[in-house]
Structures are given as structure tokens and as C-alpha cells.
Protein chains: 2
Amino acid sequence: MTVENPPLQRTRETSRALPIALLRARETVMSPIRDMLHDLNLTEQKWRILRTLEECGRVEQSTIAKEACLLLPSLTRILRTMEADGQIARAADLTDKRRTLVEITETGRAILRDNIHVSNGIYQSIQSQMGQEKLDTLLDLLQELQQVRV
Amino acid sequence: MTVENPPLQRTRETSRALPIALLRARETVMSPIRDMLHDLNLTEQKWRILRTLEECGRVEQSTIAKEACLLLPSLTRILRTMEADGQIARAADLTDKRRTLVEITETGRAILRDNIHVSNGIYQSIQSQMGQEKLDTLLDLLQELQQVRV
DNA sequence: TATTGTTATACTCTATAACTATA
DNA sequence: TATAGTTATAGAGTATAACAATA
């Protein structure tokens with residue numbers, strides 16, 4: 001009677017490891033955006049918050065945290081400075097006083113409007129090199145991956 | 001004679017914006033890995049360094065920085081603690097004394113070996129939900145995106 | 001002169017727990 | 001009791017510049 005060894009597991013090539021592959025791809029795309037954010041004196045996190053708020057309208061903080069991939073304590077601090085800088089506004093939720101509703105201000109909107117050509121330019125540059133079809137497929141697959149139950 | 005307005009540019013849905021889509025997808029995959037790293041008392045950065053070193057063998061620090069998406073000053077500090085913990089070893093490059101060559105130790109290798117079933121398990125869970133073909137396509141497209149000139 | 005890596009510094013985010021107010 | 005958000009705190013990474021050693 002023989003006892004089989006457990007299957008020997010090997011590490012995946014880093015280029016085929018999802019966490020690393022996703023990070024490296026993101027670094028490529030973020031590089032020129034970081035230059036823009038540097039000039040705007042905005043962090044990546046603040047940029048994500050502005051984009052989230054523009055899209056979601058007036059929302060509670062837990063929603064922002066989830067959409068922008070931030071922890072609530074971080075968000076509390078970041079929103080405090082963004083409010084001081086006039087980029088967002090907060091108001092109490094009258095139906096549930098535990099909640100705070102946040103929305104983007106005209107100042108915040110203007111920041112996005114004045115710089116959207118940068119992200120659109122990057123997008124177009126990628127599109128011209130990869131092709132529209134591949135880019136759509138990639139975005140579809142990323143959305144699907146995001147929803148996987150791990 | 002009329003002067004045309006510049007084309008009005010609109011912000012992309014965040015789910016179709018590459019930096020955010022890549023980040024959200026990565027958060028999904030990283031969530032269980034973070035639990036593992038927490039138990040191992042390792043940061044994400046140290047994990048990437050170990051994976052990079054296992055794959056690249058003995059390499060200089062600039063290479064690690066590039067592959068693991070870290071800045072050199074960060075790497076200097078992180079490698080100092082990893083060396084103290086016996087996970088990596090450093091040796092001077094005899095042919096170019098400015099360079100330091102870094103390699104993974106047996107202790108470092110053991111950490112990867114003892115935990116690779118976690119990342120493989122996540123990979124298989126994703127594979128079973130998305131299918132092998134889509135997952136391969138995603139990894140191909142990520143590799144292609146990483147190499148785009150932005 | 002350019003490159004590799006280190007040091008120093010200021011800033012920011014992460015992670016966790018404890019807390020307040022409200023439901 | 002549970003939830004939304006805040007505060008406090010420790011730890012870690014980011015970004016930049018200045019520096020040393022070597023090529």
C-alpha cells in the first residue's frame with residue numbers, strides 16, 4: 001500500500017500572477033496620471049474620491065470607501081482636507097443622523113473637467129496601440145474579476 | 001466663418017476607467033492574500049520582493065525595484081529588515097562595486113513554499129468561476145497593457 | 001559625468017481599536 | 001445590539017533631494 005505525496009505546488013511566474021500583473025499594468029497607466037496629479041497637488045486617493053462622487057452623486061461615506069478602495073478612517077481624514085479645500089461638501093442625512101452625505105462641489109467638478117483630457121489621452125494612446133476590441137475585452141474581464149467571490 | 005468649439009470631453013464611468021478598474025479587481029484578489037500575509041507578518045511589498053527574487057535569482061536592487069513596483073529608497077529600507085530576518089541575502093557585485101546583488105535565502109523560499117497553496121487556491125477559485133480561457137486572455141491583455149508606451 | 005544605492009525628511013496612507021451618536 | 005462615522009495611534013510606504021562610492 002502506498003501513500004501518495006501531496007501534489008507539489010509551484011509558484012506561478014510573476015507575470016501570470018494576478019496581483020502582480022494587475023499592479024504592473026496599473027503602474028504603466030498611472031505613471032502619466034501621477035505627473036498630472038503632482039501638478040494639481042492631489043493624491044491618487046483624492047482623485048478617486050472626486051471621480052466616485054462625480055459618478056455617484058450625493059452618497060454616504062461607506063459607499064465612497066467601497067468604490068474608491070479606501071478605509072473609513074482614511075476617508076474621514078482625507079475628506080476633512082478636501083472639504084477645507086472646497087472640493088467636496090458634507091451634509092447630515094436627515095432621515096438617519098448617523099450618516100453623512102457627501103457630494104462634489106463645483107470646484108471639485110472643475111478639477112475633473114480641466115484635466116479629463118489627460119486621462120482621455122492616455123486611454124486613446126492605449127486604444128491606438130492595443131485596439132478598441134482588446135481594450136473592451138480587458139475592461140469586461142476586469143469587471144468580471146472584480147465580482148468574483150474569492 | 002465659424003470657429004468650432006473644442007470637443008467636449010466627458011469623464012469615463014469609473015468601472016471603465018483603467019486605473020480604477022485595475023485597482024478594484026486587484027482588491028478582490030488581494031483580500032484573501034492580505035489575510036495570509038497578516039498571519040505571516042509580511043507586507044505586500046515584502047511578498048512581491050520574495051516572489052521577484054525567487055523568479056529572477058540573484059539580481060541587483062534596481063531590477064527588484066522595477067519588477068516589484070517599488071522606489072529604491074523604499075527598497076533599501078525594506079531589504080534591511082528582510083536581511084535581518086534572514087529572508088534575503090546581499091553580496092557586493094565584484095565586477096561593479098556600485099551594485100549590490102540580492103538573493104532569496106532558504107528561509108525566504110520556505111515562506112513561499114509553505115504558503116503557495118493559498119495563492120494557488122485563489123487562482124483556482126477564480127478559474128472555476130471565470131473559466132481558464134478568460135483568465136488566460138485577461139493575463140495576456142494585462143501583460144500587453146503593461147508594455148504599452150503611454 | 002553618469003550611475004547605483006543610501007540617507008534624511010516630510011508627508012500620506014494603512015490598519016486596528018476604542019469611542020460617540022444614532023438606529 | 002448593531003451601524004456610521006470619528007479619533008487615536010503605531011507602523012509602513014511614497015516622494016524628493018542630497019549624498020557617497022564607483023564607473
Side-chain angles (χ1 to χ4, degrees), chain A residues 19 23 26-27 30-49 52 58-85 87-103, chain B residues 19 23 26-27 30-49 52 58-85 87-103:
Chain A
L23 179 61
R26 186 164 190 274
E27 287 304 301
M30 281 305 295
S31 172
I33 295 182
R34 273 197 246 281
D35 296 340
M36 172 195 83
L37 292 176
H38 185 268
D39 295 341
L40 291 173
N41 202 25
L42 282 183
T43 62
E44 280 184 46
Q45 289 77 0
K46 288 181 182 177
W47 181 254
R48 289 205 301 275
I49 291 169
T52 300
R58 175 183 276 190
V59 283
E60 57 190 298
Q61 298 188 189
S62 303
T63 305
I64 305 174
K66 195 179 159 206
E67 294 290 310
C69 301
L70 291 167
L71 295 177
L72 265 179
S74 300
L75 192 62
T76 293
R77 182 185 35 71
I78 297 171
L79 287 181
R80 188 158 50 222
T81 76
M82 291 180 79
E83 188 176 28
D85 293 339
Q87 296 154 358
I88 61 109
R90 300 203 232 199
D93 181 336
L94 298 179
T95 66
D96 182 345
K97 289 186 184 168
R98 291 172 307 179
R99 291 179 155 81
T100 313
L101 293 177
V102 183
E103 62 185 346
Chain B
L23 180 61
R26 187 164 190 273
E27 287 302 302
M30 281 306 294
S31 171
I33 295 182
R34 273 197 246 282
D35 296 341
M36 173 195 81
L37 293 177
H38 186 268
D39 295 340
L40 291 173
N41 201 26
L42 282 183
T43 62
E44 280 184 44
Q45 288 77 1
K46 288 181 181 176
W47 181 255
R48 290 205 301 275
I49 291 170
T52 299
R58 177 183 275 190
V59 282
E60 58 190 299
Q61 296 186 193
S62 303
T63 305
I64 305 173
K66 196 179 157 207
E67 295 290 310
C69 301
L70 292 167
L71 294 177
L72 265 178
S74 301
L75 192 61
T76 293
R77 183 180 35 69
I78 297 172
L79 288 180
R80 188 158 52 222
T81 76
M82 292 180 79
E83 189 176 27
D85 293 340
Q87 296 154 357
I88 61 109
R90 300 203 234 200
D93 181 336
L94 298 179
T95 67
D96 182 344
K97 289 187 184 168
R98 290 172 306 182
R99 291 180 157 82
T100 312
L101 294 177
V102 183
E103 62 185 346

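Chain identifiers are assigned alphabetically (A, B, ...) following the order of the sequence lines, protein sequences preceding nucleic acid strands; residue numbering begins at 1 within each chain.
- One atom, CD1 of B:I64, and another, C1' of C:dT4, lie 13 Å apart when rounded to the nearest Å.
- Residue A:T100 has no polar side-chain atom (N or O) positioned under 4.0 Å from OP1 or OP2 of D:dA4.
- Distance, A:K66 NZ to D:dA4 C1': 15 Å, rounded to whole Å.
- Separating the CZ atom of B:R34 from the C1' atom of C:dT16 is a distance of 15 Å, rounded to the nearest angstrom.
- Just one of B:E83, B:Q45, B:R48 meets the side-chain contact (heavy atoms from CB on, under 4.5 Å) condition when paired with B:I78; it is B:Q45.
- To the nearest angstrom, C1' of C:dT14 lies 14 Å from CG of B:L37.
- Here B:R90 reaches the OP1 or OP2 of C:dT6: one of its side-chain N or O atoms lies under 4.0 Å away.
- Between the CG atom in B:L23 and the CG atom in A:L23 there is a gap of 10.0 Å [rounded to 0.5 Å].
- The closest side-chain heavy-atom distance from B:T63 to B:V102 is not below 4.5 Å.
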Table of protein N/O atoms under 3.5 Å from nucleotides 10-13 of chain C N/O atoms:
residue, atom, partner, partner atom, Å
C:dC13, OP1, A:T43, OG1, 3.0
C:dC13, OP2, A:R77, NH1, 2.6
C:dC13, O3', A:Q45, NE2, 3.4

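- Residue B:D39 places its CG atom among more than 12 non-hydrogen atoms of other residues, nucleotides or ligands, all under 6.0 Å distant.
- When the C1' atom of D:dG13 is taken as reference, atom CG of B:L72 falls 14 Å away, rounded to whole Å.
- Residues A:D35 and A:H38 are not in side-chain contact: their nearest non-hydrogen atoms beyond the backbone lie 4.5 Å or more apart.
- Between B:E60 and B:D93, every side-chain heavy-atom pair lies at or beyond the 4.5 Å cut-off.
- With rounding to whole Å, B:I88 atom CD1 is found 14 Å from C:dG5 atom C1'.
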Requested in this report: Sugar-phosphate atoms are those with a prime plus P, OP1 and OP2; base atoms are the rest. Using that split, label each nucleotide of nucleotides 16-23 of chain D B, S or - for protein heavy atoms under 4.0 Å, 5' to 3'.
Outcome: B----BBS
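- The nearest whole Å value for the distance from the CG atom in A:D35 to the C1' atom in D:dA15 is 13 Å.
- Using a 4.0 Å cut-off between a side-chain N of Lys or Arg and a carboxylate O of Asp or Glu, B:E27 and B:R34 qualify as a salt bridge.
- Position along DNA chain D of the nearest nucleotide to A:L75 versus B:R48 favours A:L75 as the more 5'-ward residue.
- Between atom CD1 of residue B:I64 and atom OG1 of residue B:T100 there is a gap of 9.5 Å, rounded to the nearest 0.5 Å.
- The two residues A:L75 and A:A65 make their nearest non-hydrogen contact at CD2-N, 3.8 Å.
- Closest to the side chain of A:R80, from the set D:dA4, D:dT7, C:dT4, is D:dT7.
- Going from atom CG of A:L79 over to atom C1' of D:dA4 covers 13 Å, rounded to whole Å.
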